[in-house]
Amino acid sequence: MAVEVARPPTRTGSPAVPRRRRPVWPRVWHFLSFGAPGVLVYVCFVLAPIAVSVGYSLTNYNPFGPKTRFVGLSNYKDLFTDSEFLTSLKVTTILTLIVVIVPNVLGLGVALLLDRRGWLYNALRSVFFTPVVLSSVVVSIIWTRLLADDGLVDQALRGVGISHPPGWLSDPSYALYSVGAILSWQMLGFCVVVYLAGLQGIPQELHEAAEIDGAGPVERFRKITWPLLAPALTINTIVMLITGFKAFDHIQVITNGGPGTGTTATIAFNVLQTGFNANRQGYASAMAIVMLIIVAVASAVALRILQKREVSL
(Lines give C-alpha, C1' and ligand atoms only; values in the text may rest on other atoms or scores of the structure.)
Protein backbone atom coordinates (compact mmCIF):
# COMPACT_ATOMS: atom_id res chain seq x y z
CA MET A 1 0.00 0.00 0.00
CA ALA A 2 1.53 3.26 -1.16
CA VAL A 3 1.82 5.97 1.40
CA GLU A 4 1.23 9.44 0.07
CA VAL A 5 3.46 12.06 1.59
CA ALA A 6 1.74 15.34 2.18
CA ARG A 7 3.48 18.27 0.55
CA PRO A 8 3.75 21.54 2.40
CA PRO A 9 1.27 24.09 1.19
CA THR A 10 2.70 26.53 -1.32
CA ARG A 11 2.50 30.17 -0.48
CA THR A 12 0.93 32.10 -3.26
CA GLY A 13 0.40 35.76 -3.47
CA SER A 14 2.82 36.63 -0.70
CA PRO A 15 4.77 39.80 -1.41
CA ALA A 16 8.49 39.41 -2.15
CA VAL A 17 10.68 40.42 0.73
CA PRO A 18 13.15 43.07 -0.46
CA ARG A 19 16.79 42.18 0.08
CA ARG A 20 18.63 44.47 2.40
CA ARG A 21 21.58 46.15 0.75
CA ARG A 22 24.87 45.66 2.47
CA PRO A 23 26.36 48.86 3.86
CA VAL A 24 28.93 50.47 1.58
CA TRP A 25 31.40 51.75 4.14
CA PRO A 26 32.46 48.33 5.51
CA ARG A 27 33.31 47.25 1.97
CA VAL A 28 35.24 50.46 1.34
CA TRP A 29 37.12 50.01 4.60
CA HIS A 30 37.87 46.39 3.68
CA PHE A 31 39.43 47.54 0.39
CA LEU A 32 41.39 50.32 2.06
CA SER A 33 42.74 47.89 4.65
CA PHE A 34 43.84 45.11 2.31
CA GLY A 35 43.90 46.36 -1.29
CA ALA A 36 45.04 49.94 -0.98
CA PRO A 37 48.68 49.26 0.08
CA GLY A 38 49.28 47.06 -2.97
CA VAL A 39 47.51 49.50 -5.28
CA LEU A 40 49.52 52.38 -3.82
CA VAL A 41 52.82 50.55 -4.41
CA TYR A 42 51.76 49.74 -7.99
CA VAL A 43 50.76 53.33 -8.67
CA CYS A 44 53.95 54.77 -7.17
CA PHE A 45 56.45 52.40 -8.77
CA VAL A 46 54.75 51.45 -12.06
CA LEU A 47 52.05 53.84 -13.21
CA ALA A 48 53.66 57.06 -11.95
CA PRO A 49 57.05 56.43 -13.67
CA ILE A 50 55.23 55.57 -16.90
CA ALA A 51 53.24 58.80 -16.68
CA VAL A 52 56.41 60.80 -16.00
CA SER A 53 58.16 59.14 -18.96
CA VAL A 54 55.24 60.00 -21.23
CA GLY A 55 55.49 63.61 -20.10
CA TYR A 56 59.26 63.72 -20.68
CA SER A 57 58.86 62.13 -24.12
CA LEU A 58 56.85 65.14 -25.26
CA THR A 59 59.66 67.55 -24.38
CA ASN A 60 63.34 68.08 -25.20
CA TYR A 61 64.25 67.52 -21.54
CA ASN A 62 67.99 67.58 -20.89
CA PRO A 63 69.13 68.27 -17.31
CA PHE A 64 72.37 69.86 -18.55
CA GLY A 65 71.16 71.41 -21.78
CA PRO A 66 68.84 74.15 -22.99
CA LYS A 67 65.61 75.15 -21.32
CA THR A 68 62.98 72.41 -21.47
CA ARG A 69 60.24 73.05 -24.00
CA PHE A 70 57.27 71.10 -25.32
CA VAL A 71 57.99 69.41 -28.67
CA GLY A 72 54.86 67.25 -29.03
CA LEU A 73 55.32 64.07 -31.03
CA SER A 74 58.58 65.24 -32.58
CA ASN A 75 60.64 62.71 -30.60
CA TYR A 76 58.43 59.85 -31.80
CA LYS A 77 58.68 60.99 -35.42
CA ASP A 78 62.46 61.17 -35.17
CA LEU A 79 62.63 57.64 -33.80
CA PHE A 80 61.29 56.05 -36.97
CA THR A 81 63.85 57.84 -39.11
CA ASP A 82 66.71 57.18 -36.69
CA SER A 83 68.91 54.42 -38.13
CA GLU A 84 70.38 53.69 -34.69
CA PHE A 85 66.94 53.04 -33.19
CA LEU A 86 65.81 50.96 -36.16
CA THR A 87 68.98 48.87 -35.88
CA SER A 88 68.36 48.35 -32.17
CA LEU A 89 64.78 47.30 -32.96
CA LYS A 90 66.09 44.68 -35.39
CA VAL A 91 68.69 43.47 -32.88
CA THR A 92 66.07 43.23 -30.13
CA THR A 93 63.72 41.27 -32.38
CA ILE A 94 66.41 38.73 -33.33
CA LEU A 95 67.53 38.36 -29.71
CA THR A 96 63.93 37.90 -28.53
CA LEU A 97 63.27 35.19 -31.13
CA ILE A 98 66.37 33.32 -29.95
CA VAL A 99 65.39 33.63 -26.29
CA VAL A 100 61.80 32.52 -26.95
CA ILE A 101 62.61 29.53 -29.17
CA VAL A 102 65.82 28.02 -27.76
CA PRO A 103 64.92 27.76 -24.02
CA ASN A 104 61.43 26.50 -24.88
CA VAL A 105 62.66 23.73 -27.18
CA LEU A 106 65.60 22.65 -25.02
CA GLY A 107 63.62 23.14 -21.81
CA LEU A 108 60.91 20.79 -23.01
CA GLY A 109 63.48 18.16 -23.98
CA VAL A 110 65.30 18.40 -20.65
CA ALA A 111 62.01 18.30 -18.73
CA LEU A 112 61.00 15.09 -20.51
CA LEU A 113 64.34 13.53 -19.55
CA LEU A 114 64.09 14.66 -15.91
CA ASP A 115 60.47 13.60 -15.44
CA ARG A 116 61.53 10.66 -13.29
CA ARG A 117 61.64 9.84 -9.60
CA GLY A 118 64.87 9.58 -7.62
CA TRP A 119 67.49 11.66 -5.88
CA LEU A 120 69.64 11.92 -9.00
CA TYR A 121 66.87 13.56 -11.01
CA ASN A 122 66.10 15.94 -8.13
CA ALA A 123 69.76 16.95 -8.02
CA LEU A 124 69.83 17.50 -11.79
CA ARG A 125 66.77 19.74 -11.55
CA SER A 126 68.62 21.91 -9.04
CA VAL A 127 71.65 22.04 -11.32
CA PHE A 128 69.59 23.23 -14.28
CA PHE A 129 67.76 25.84 -12.19
CA THR A 130 70.90 27.30 -10.57
CA PRO A 131 71.73 29.74 -13.43
CA VAL A 132 68.27 31.32 -13.11
CA VAL A 133 68.97 32.55 -9.59
CA LEU A 134 72.47 33.80 -10.42
CA SER A 135 73.05 37.49 -11.05
CA SER A 136 73.01 38.46 -14.71
CA VAL A 137 76.28 40.30 -14.17
CA VAL A 138 77.95 37.20 -12.71
CA VAL A 139 76.72 35.04 -15.60
CA SER A 140 77.91 37.63 -18.11
CA ILE A 141 81.39 37.87 -16.60
CA ILE A 142 81.80 34.07 -16.53
CA TRP A 143 80.78 33.68 -20.17
CA THR A 144 82.89 36.65 -21.23
CA ARG A 145 85.94 34.84 -19.87
CA LEU A 146 84.93 31.53 -21.47
CA LEU A 147 84.20 33.00 -24.92
CA ALA A 148 87.14 35.40 -25.12
CA ASP A 149 89.61 34.91 -27.97
CA ASP A 150 92.00 33.25 -25.52
CA GLY A 151 89.25 31.68 -23.41
CA LEU A 152 88.63 28.04 -22.59
CA VAL A 153 86.22 27.49 -25.49
CA ASP A 154 88.65 28.63 -28.17
CA GLN A 155 91.52 26.82 -26.46
CA ALA A 156 89.49 23.60 -26.54
CA LEU A 157 88.71 24.12 -30.22
CA ARG A 158 92.39 24.68 -30.99
CA GLY A 159 93.13 21.50 -29.07
CA VAL A 160 90.93 19.46 -31.41
CA GLY A 161 92.53 20.90 -34.53
CA ILE A 162 90.58 24.10 -35.29
CA SER A 163 93.42 26.58 -35.71
CA HIS A 164 91.22 29.64 -36.25
CA PRO A 165 88.13 29.38 -34.02
CA PRO A 166 85.40 32.02 -34.34
CA GLY A 167 85.56 35.26 -32.41
CA TRP A 168 82.41 34.57 -30.42
CA LEU A 169 82.22 38.07 -28.92
CA SER A 170 84.63 40.00 -31.15
CA ASP A 171 83.19 39.08 -34.56
CA PRO A 172 80.02 41.01 -35.53
CA SER A 173 78.73 37.90 -37.32
CA TYR A 174 78.69 35.86 -34.08
CA ALA A 175 78.36 38.37 -31.22
CA LEU A 176 74.56 38.72 -31.17
CA TYR A 177 74.00 34.97 -31.40
CA SER A 178 76.54 34.39 -28.63
CA VAL A 179 74.69 36.81 -26.36
CA GLY A 180 71.42 35.09 -27.28
CA ALA A 181 72.94 31.72 -26.38
CA ILE A 182 74.16 33.04 -23.01
CA LEU A 183 70.76 34.49 -22.16
CA SER A 184 69.05 31.28 -23.30
CA TRP A 185 71.41 29.22 -21.13
CA GLN A 186 70.54 31.29 -18.06
CA MET A 187 66.77 31.06 -18.66
CA LEU A 188 66.76 27.37 -19.61
CA GLY A 189 66.21 26.26 -16.01
CA PHE A 190 63.07 28.38 -15.71
CA CYS A 191 61.50 26.67 -18.72
CA VAL A 192 62.56 23.25 -17.42
CA VAL A 193 60.86 23.82 -14.06
CA VAL A 194 57.63 25.09 -15.63
CA TYR A 195 57.46 22.18 -18.07
CA LEU A 196 58.22 19.71 -15.27
CA ALA A 197 55.32 21.12 -13.27
CA GLY A 198 53.10 20.68 -16.32
CA LEU A 199 54.28 17.12 -16.91
CA GLN A 200 53.70 16.11 -13.30
CA GLY A 201 50.17 17.51 -13.49
CA ILE A 202 49.19 15.15 -16.34
CA PRO A 203 47.22 12.15 -14.98
CA GLN A 204 49.19 8.95 -15.43
CA GLU A 205 45.95 7.12 -16.24
CA LEU A 206 45.80 8.87 -19.61
CA HIS A 207 49.18 7.51 -20.64
CA GLU A 208 48.31 4.03 -19.38
CA ALA A 209 45.00 4.01 -21.26
CA ALA A 210 46.70 5.19 -24.46
CA GLU A 211 49.41 2.55 -24.08
CA ILE A 212 46.76 -0.16 -23.69
CA ASP A 213 45.13 1.11 -26.89
CA GLY A 214 48.45 0.58 -28.69
CA ALA A 215 49.73 4.18 -28.85
CA GLY A 216 53.51 4.49 -29.03
CA PRO A 217 55.67 7.06 -27.17
CA VAL A 218 55.58 9.58 -30.04
CA GLU A 219 51.83 9.33 -30.46
CA ARG A 220 51.27 9.60 -26.70
CA PHE A 221 53.41 12.75 -26.64
CA ARG A 222 51.57 14.24 -29.62
CA LYS A 223 48.06 13.37 -28.48
CA ILE A 224 48.33 13.70 -24.68
CA THR A 225 51.50 15.34 -23.37
CA TRP A 226 51.88 18.24 -25.80
CA PRO A 227 48.22 19.40 -25.69
CA LEU A 228 48.14 19.28 -21.88
CA LEU A 229 51.36 21.32 -21.69
CA ALA A 230 49.62 24.30 -23.31
CA PRO A 231 49.47 26.35 -20.06
CA ALA A 232 53.19 25.75 -19.44
CA LEU A 233 53.98 26.81 -23.01
CA THR A 234 51.97 30.01 -22.50
CA ILE A 235 53.87 30.92 -19.32
CA ASN A 236 57.29 30.20 -20.80
CA THR A 237 56.62 32.04 -24.05
CA ILE A 238 55.37 35.23 -22.39
CA VAL A 239 58.18 35.29 -19.80
CA MET A 240 60.86 34.66 -22.43
CA LEU A 241 59.32 37.30 -24.73
CA ILE A 242 59.55 39.95 -22.01
CA THR A 243 63.04 38.78 -21.01
CA GLY A 244 64.34 39.14 -24.56
CA PHE A 245 62.87 42.58 -25.11
CA LYS A 246 64.21 44.06 -21.88
CA ALA A 247 67.70 42.56 -22.18
CA PHE A 248 70.26 45.08 -20.94
CA ASP A 249 72.60 43.63 -18.29
CA HIS A 250 74.15 41.01 -20.55
CA ILE A 251 74.66 43.52 -23.37
CA GLN A 252 76.28 46.06 -21.07
CA VAL A 253 78.72 43.63 -19.48
CA ILE A 254 79.54 41.31 -22.39
CA THR A 255 79.72 43.51 -25.51
CA ASN A 256 78.76 47.08 -24.49
CA GLY A 257 76.66 47.25 -27.67
CA GLY A 258 79.49 46.13 -29.96
CA PRO A 259 81.57 44.89 -31.61
CA GLY A 260 81.37 47.70 -34.10
CA THR A 261 78.46 50.11 -33.97
CA GLY A 262 75.23 48.78 -32.55
CA THR A 263 75.84 45.13 -33.42
CA THR A 264 74.32 43.94 -30.14
CA ALA A 265 72.71 47.18 -28.92
CA THR A 266 69.11 46.46 -27.87
CA ILE A 267 66.40 49.08 -27.36
CA ALA A 268 66.85 48.89 -23.58
CA PHE A 269 70.61 49.41 -23.99
CA ASN A 270 70.03 52.44 -26.24
CA VAL A 271 67.53 53.93 -23.79
CA LEU A 272 70.13 53.95 -21.03
CA GLN A 273 72.90 55.19 -23.34
CA THR A 274 70.76 58.00 -24.76
CA GLY A 275 69.30 59.03 -21.42
CA PHE A 276 72.36 58.94 -19.18
CA ASN A 277 75.38 59.15 -21.48
CA ALA A 278 74.02 61.58 -24.07
CA ASN A 279 71.69 63.26 -21.50
CA ARG A 280 68.83 63.33 -24.02
CA GLN A 281 66.24 62.18 -21.54
CA GLY A 282 63.25 63.40 -23.51
CA TYR A 283 64.31 61.37 -26.54
CA ALA A 284 65.21 58.36 -24.37
CA SER A 285 61.78 58.52 -22.73
CA ALA A 286 60.12 58.37 -26.15
CA MET A 287 62.26 55.35 -26.96
CA ALA A 288 61.22 53.68 -23.69
CA ILE A 289 57.52 54.34 -24.33
CA VAL A 290 57.77 52.83 -27.82
CA MET A 291 59.49 49.77 -26.33
CA LEU A 292 56.74 49.51 -23.69
CA ILE A 293 54.05 49.60 -26.40
CA ILE A 294 55.83 46.98 -28.51
CA VAL A 295 56.25 44.64 -25.52
CA ALA A 296 52.65 45.13 -24.41
CA VAL A 297 51.21 44.51 -27.88
CA ALA A 298 53.47 41.51 -28.58
CA SER A 299 52.68 39.97 -25.19
CA ALA A 300 48.94 40.54 -25.60
CA VAL A 301 48.90 38.99 -29.08
CA ALA A 302 50.99 35.99 -28.00
CA LEU A 303 48.87 35.51 -24.89
CA ARG A 304 45.64 35.62 -26.88
CA ILE A 305 46.90 33.11 -29.46
CA LEU A 306 48.28 30.71 -26.85
CA GLN A 307 45.20 30.93 -24.62
CA LYS A 308 42.99 30.11 -27.61
CA ARG A 309 45.02 26.97 -28.01
CA GLU A 310 44.39 26.14 -24.35
CA VAL A 311 40.63 26.63 -24.71
CA SER A 312 40.41 24.55 -27.87
CA LEU A 313 41.94 21.42 -26.29
Side-chain angles (χ1 to χ4, degrees), residues 91-140 142-143 146-147 176-204 207 217-218 220-251 253-254 266 268 294-296 298-311 313:
V91 167
T92 305
T93 303
I94 295 172
L95 183 64
T96 302
L97 288 174
I98 295 172
V99 173
V100 169
I101 295 171
V102 174
N104 265 301
V105 174
L106 295 182
L108 178 58
V110 173
L112 290 171
L113 294 175
L114 296 183
D115 189 24
R116 307 284 190 279
R117 295 183 181 275
W119 65 269
L120 177 61
Y121 296 102
N122 293 334
L124 289 175
R125 292 171 194 171
S126 301
V127 169
F128 276 98
F129 192 74
T130 299
V132 180
V133 299
L134 292 178
S135 166
S136 300
V137 175
V138 172
V139 170
S140 300
I142 292 172
W143 279 102
L146 291 175
L147 296 178
L176 179 59
Y177 301 101
S178 298
V179 174
I182 294 169
L183 192 52
S184 299
W185 175 83
Q186 185 173 14
M187 298 306 298
L188 175 63
F190 179 88
C191 293
V192 170
V193 169
V194 174
Y195 280 129
L196 273 172
L199 288 170
Q200 294 175 358
I202 298 175
Q204 190 63 29
H207 290 285
V218 176
R220 290 201 302 271
F221 174 80
R222 190 167 60 88
K223 297 286 187 177
I224 298 174
T225 305
W226 179 241
L228 293 179
L229 283 178
L233 176 64
T234 301
I235 294 171
N236 282 336
T237 301
I238 299 302
V239 172
M240 295 302 108
L241 180 68
I242 297 172
T243 300
F245 260 102
K246 69 181 183 66
F248 166 75
D249 299 352
H250 300 81
I251 306 297
V253 176
I254 298 173
T266 60
I294 293 173
V295 173
S299 300
V301 171
L303 189 61
R304 186 173 182 82
I305 293 172
L306 293 171
Q307 284 183 335
K308 279 185 178 180
R309 179 176 176 270
E310 291 180 32
V311 172
L313 295 178

side-chain contact (heavy atoms from CB on, under 4.5 Å) partners of [X], counting only residues at least two apart:
{"X": "L303", "answer": "T234, I238, Q307"}
{"X": "V105", "answer": "I101"}
{"X": "L124", "answer": "L114, L120"}
{"X": "V253", "answer": "V137, S140, I141"}

Fill in: Under 3.5 Å donor-acceptor, T266 side chain and A247 backbone
yes
Discussion item. Within this structure, what is the OG1-CG distance for the pair T225 and D115, rounded to the nearest 0.5 Å?
Written reply: 8.5 Å
Discussion item. Quick check: do W226 and L233 have side-chain heavy atoms less than 4.5 Å from each other?
Written reply: yes
Worksheet item: Taking all atoms of both residues into account, what is the closest heavy-atom pair of T92 and G244, and its distance?
Response: CG2-O, 4.2 Å
Response to the item:
Scanning both residues in full, the closest heavy-atom pair of Y121 with L113 reads CE2-O, 3.8 Å
Item to complete: Determine, step by step, whether I202 and H207 satisfy the side chain to side chain contact (heavy atoms under 4.5 Å, CB included) criterion, reporting the C-alpha distance in whole Å, the side-chain angles of both residues, the deciding distance to 0.1 Å, and the verdict.
Response: CA-CA 9 Å; I202 298 175; H207 290 285; 3.7 Å; yes
Discussion item. Under the rule for side-chain hydrogen bond (donor to acceptor under 3.5 Å, both in side chains), what residues qualify as partners of N122, not counting sequence neighbours?
Written reply: R125
Worksheet entry | Result of checking T93, V100, V99 against T96 for side chain to side chain contact (heavy atoms under 4.5 Å, CB included) | V100
Item to complete: Give the C-alpha distance, both sets of side-chain angles, the deciding distance and a yes or no for side chain to side chain contact (heavy atoms under 4.5 Å, CB included) between L95 and F245.
Response: CA-CA 8 Å; L95 183 64; F245 260 102; over 6 Å; no
Review item, side-chain donor-acceptor pairs of residues 176-199, under 3.5 Å, at least two apart:
| unit_1 | atom_1 | unit_2 | atom_2 | d |
| --- | --- | --- | --- | --- |
| S178 | OG | W168 | O | 2.8 |
| S178 | OG | Y174 | O | 2.9 |
| S184 | OG | G180 | O | 2.7 |
| Q186 | OE1 | H250 | NE2 | 2.8 |
| Q186 | NE2 | P131 | O | 3.3 |
| Q186 | NE2 | L134 | O | 3.1 |
| Y195 | OH | N104 | OD1 | 2.8 |

